[in-house]
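Report on the following structure.
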Amino acid sequence: MTMRCYCSIRLLATLIIHAFALTTRCCYSFVLPPSVSLICSSCGARAQNNYDGVTQQLMSRQATTTVAEIDTETISVALPSNWRDINDNWPIQAAEILTRFGVVALTSSPSNNNSNTGLISTQTIDRANESASSRLEDMQTRISNRGVDPNGIEDGPYRFAEIICRDEGGLRYDVPLPWLADDKNGIAGDNNRDDQVGSGRIGAPLTNMEKEGVADLHKAMDEIVPHVLEALWSGDEEDKNDDITTNNDSSNSYVAASGYLINKPGSKSQNWHKDGPDAGFIDCFVPLIDLNEELGPTSFRLDDDEDDELVPMLNKGNILLFDYRTIHRGQGNTSEDTTRTLAYAVYRRREVDGDGTKKESGDVHNFPAALTLEYD
């Protein structure tokens with residue numbers, strides 16, 4: 001009798017919700033009875049009886065029917081001040097948006113602090129930006145000493161283990177870094193360690209200032225992102241007991257590559273592309289300056305219409321996650337004198353052998369073996 005009654009209530013609730021969605025094109029904005037959890041057919045959001053303010057924000061969002069209606073707010077989740085509370089629903093919300101659109105923005109809730117600040121502290125972001133400028137200058141000096149145009153304009157694109165210019169016209173650089181989130185002292189190892197990225201190693205060591213500048217940023221990223229990936233990839237049996245307090249050996253993900261993406265004034269827009277064809281990779285971008293249209297932000301194409309672009313405009317310190325296979329491009333930097341720098345990490349789903357051994361490998365698709373500038 002109890003089960004039959006419960007099913008009847010659930011069926012009735014489903015009919016009401018479908019009718020509500022058809023007439024208003026809105027997601028859930030009410031509380032369901034205990035233990036009832038449904039998925040909205042209109043927008044894919046989950047209705048639960050115990051949601052908080054952040055969950056309510058997602059559930060009351062209008063459903064979109066075309067890509068043209070999708071904006072930064074549509075794909076954003078504002079984290080509450082107690083986001084470290086594992087009982088909060090924000091990782092599930094973020095995973096649902098990431099699954100549906102291929103991209104999600106994690107932002108700081110305006111009610112928590114000044115709306116112009118990001119999830120990661122301004123001090124941490126500014127130190128990382130200084131680290132990026134120092135690293136770029138050092139590597140470009142080494143390239144110049146080889147008699148090669150370090151800007152990539154006269155001699156075209158180039159690839160070294162420590163810096164990559166992939167685009168014709170230059171002025172856009174990928175600066176790979178070792179992942180320093182696991183270091184307890186802010187400086188990971190000594191200057192002679194082999195730091196892997198992709199299929200090669202970063203030969204030229206970072207200075208202590210450069211390491212210190214990025215270590216806290218990596219730790220901050222790794223406090224937040226694995227919670228979303230746990231919600232995204234938690235379907236397998238081996239993931240059920242994972243500890244996601246930090247991205248350690250027990251989590252269901254690890255960092256396959258990391259670095260800075262630096263876009264100088266005068267750079268051209270990239271062609272539309274995917275970072276790779278494989279599932280199980282999530283790109284993480286953290287802008288180190290506030291984004292605007294002039295600085296060449298990343299744009300996304302969520303359907304076959306190239307005129308429908310989603311261009312998330314994030315404040316520095318907020319986080320953008322997108323699937324490796326989501327079509328995107330970096331726009332050209334049309335500003336007069338402002339460089340757009342962001343930090344990135346490529347998170348990869350951890351694979352498990354038949355004997356339970358967890359495997360790791362780098363992002364070899366984007367980072368094949370290359371010459372090093374270590375001895376220049």
Side-chain angles (χ1 to χ4, degrees), residues 54 72-73 75-85 88 90 94 104-137 173 175 177-188 206-228 246-247 255 258-265 283-298 311-322 330 333 335-345:
V54 178
T72 301
E73 183 179 0
I75 55 98
S76 295
V77 175
L79 273 63
S81 58
N82 62 336
W83 61 262
R84 291 176 176 83
D85 183 358
D88 195 82
W90 69 264
V104 63
L106 307 179
T107 66
S108 177
S109 174
S111 62
N112 297 337
N113 49 38
N114 188 301
S115 60
N116 293 325
T117 63
L119 282 174
I120 301 173
S121 74
T122 298
Q123 180 181 7
T124 297
I125 292 298
D126 290 346
R127 290 180 66 195
N129 203 11
E130 293 174 3
S131 169
S133 298
S134 173
R135 182 66 171 175
L136 177 65
E137 182 179 358
Y173 313 101
V175 183
L177 298 172
W179 184 246
L180 304 182
D182 296 331
D183 177 62
K184 297 180 180 179
N185 300 314
I187 303 177
L206 279 69
T207 66
N208 284 345
M209 184 277 284
E210 291 166 355
K211 286 184 177 181
E212 292 170 350
V214 74
D216 286 343
L217 175 59
H218 284 178
K219 292 175 184 176
M221 294 164 67
D222 225 25
E223 281 188 339
I224 299 172
V225 176
H227 289 277
V228 179
T246 59
N247 193 6
V255 173
S258 64
Y260 297 120
L261 293 177
I262 301 174
N263 189 0
K264 291 277 191 178
D283 291 319
C284 172
F285 283 2
V286 180
L288 303 186
I289 63 171
D290 293 338
L291 298 180
N292 60 48
E293 293 182 358
E294 289 187 346
L295 297 179
T298 303
V311 188
M313 295 294 181
L314 301 183
N315 292 328
K316 65 181 183 180
N318 284 327
I319 295 175
L320 188 71
L321 302 177
F322 62 96
N333 186 337
S335 70
E336 294 185 3
D337 55 8
T338 303
T339 296
R340 186 225 67 186
T341 302
L342 60 83
Y344 72 86

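All values below come from the heavy atoms of this structure, side chains included, with hydrogens, waters and symmetry mates left out. Because the structure is a prediction, the values reported are computed rather than measured.
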Just do the side chain to side chain contact (heavy atoms under 4.5 Å, CB included) check on Tyr173 and Arg135 with the steps written out, would you?
-> CA-CA 11 Å; Tyr173 313 101; Arg135 182 66 171 175; over 6 Å; no
Donor-acceptor under 3.5 Å (Asn292 side chain, Leu295 main chain) | yes
List the steps, then state whether side chain to side chain contact (heavy atoms under 4.5 Å, CB included) holds for Thr72 with Thr107.
-> CA-CA 11 Å; Thr72 301; Thr107 66; over 6 Å; no
Begin with the C-alpha distance, continue with both residues' side-chain angles, and end with the deciding distance and a verdict on side chain to side chain contact (heavy atoms under 4.5 Å, CB included) for Phe285 and Leu261.
-> CA-CA 9 Å; Phe285 283 2; Leu261 293 177; 3.6 Å; yes
Which atom pair, heavy atoms only, marks the closest approach of Ala78 to Ser109?
-> CB-CA, 3.9 Å
Rounded distance [0.5 Å steps], CG in Leu217 versus OH in Tyr260 = 6.5 Å
Only one of Asn129, Asp126, Leu342, Ile125 forms a side chain to side chain contact (heavy atoms under 4.5 Å, CB included) with Ile289, so which one is it?
-> Asn129
Donor-acceptor pair, side chain of Ser335 and main chain of Pro265, under 3.5 angstrom = no
Would you confirm whether Ser131, through its side chain, and Glu210, through its main-chain N or O, come within 3.5 Å as a donor-acceptor pair?
-> yes
Might you work through the side chain to side chain contact (heavy atoms under 4.5 Å, CB included) test for Glu336 and Glu294, ending with a clear yes or no?
-> CA-CA 9 Å; Glu336 294 185 3; Glu294 289 187 346; over 6 Å; no
Taking the side chain from Asn318 and the backbone from Leu119, do they hold a donor-acceptor pair closer than 3.5 Å?
-> yes
Which value, rounded to the nearest 0.5 Å, describes the distance between Asn263 atom CG and Arg340 atom CZ?
-> 4.5 Å
Rounded to the nearest 0.5 Å, what separation is found between the OG1 atom of Thr341 and the CD atom of Glu130?
-> 11.5 Å
On a heavy-atom basis, the closest approach of Lys219 and Ala181 is CG-O, 3.4 Å
Correct closest heavy-atom pair for Leu288 and Ala343 would be CG-N, 4.1 Å
Give, for atom CG of Leu320 and atom CD1 of Ile75, the distance between the pair rounded to the nearest 0.5 Å.
-> 6.0 Å
Rounded to the nearest 0.5 Å, the CG atom of Leu106 sits from the CG atom of Leu321 at a distance of 5.0 Å
For Lys211 and Leu180, work out which heavy atoms get closest and say how close.
-> O-CD1, 3.7 Å
CD1/Ile319 to CE/Met221 distance, rounded to the nearest 0.5 angstrom?
-> 6.5 Å
Parallel, tilted or perpendicular: which fits the ring planes of His227 and Trp90, with parallel below 30° and perpendicular above 60°?
-> tilted
Closest heavy-atom contact between Ala132 and Ile262?
-> O-CD1, 4.0 Å
Closest contact, heavy atoms only, Asp290 versus Lys316 = OD1-N, 2.8 Å
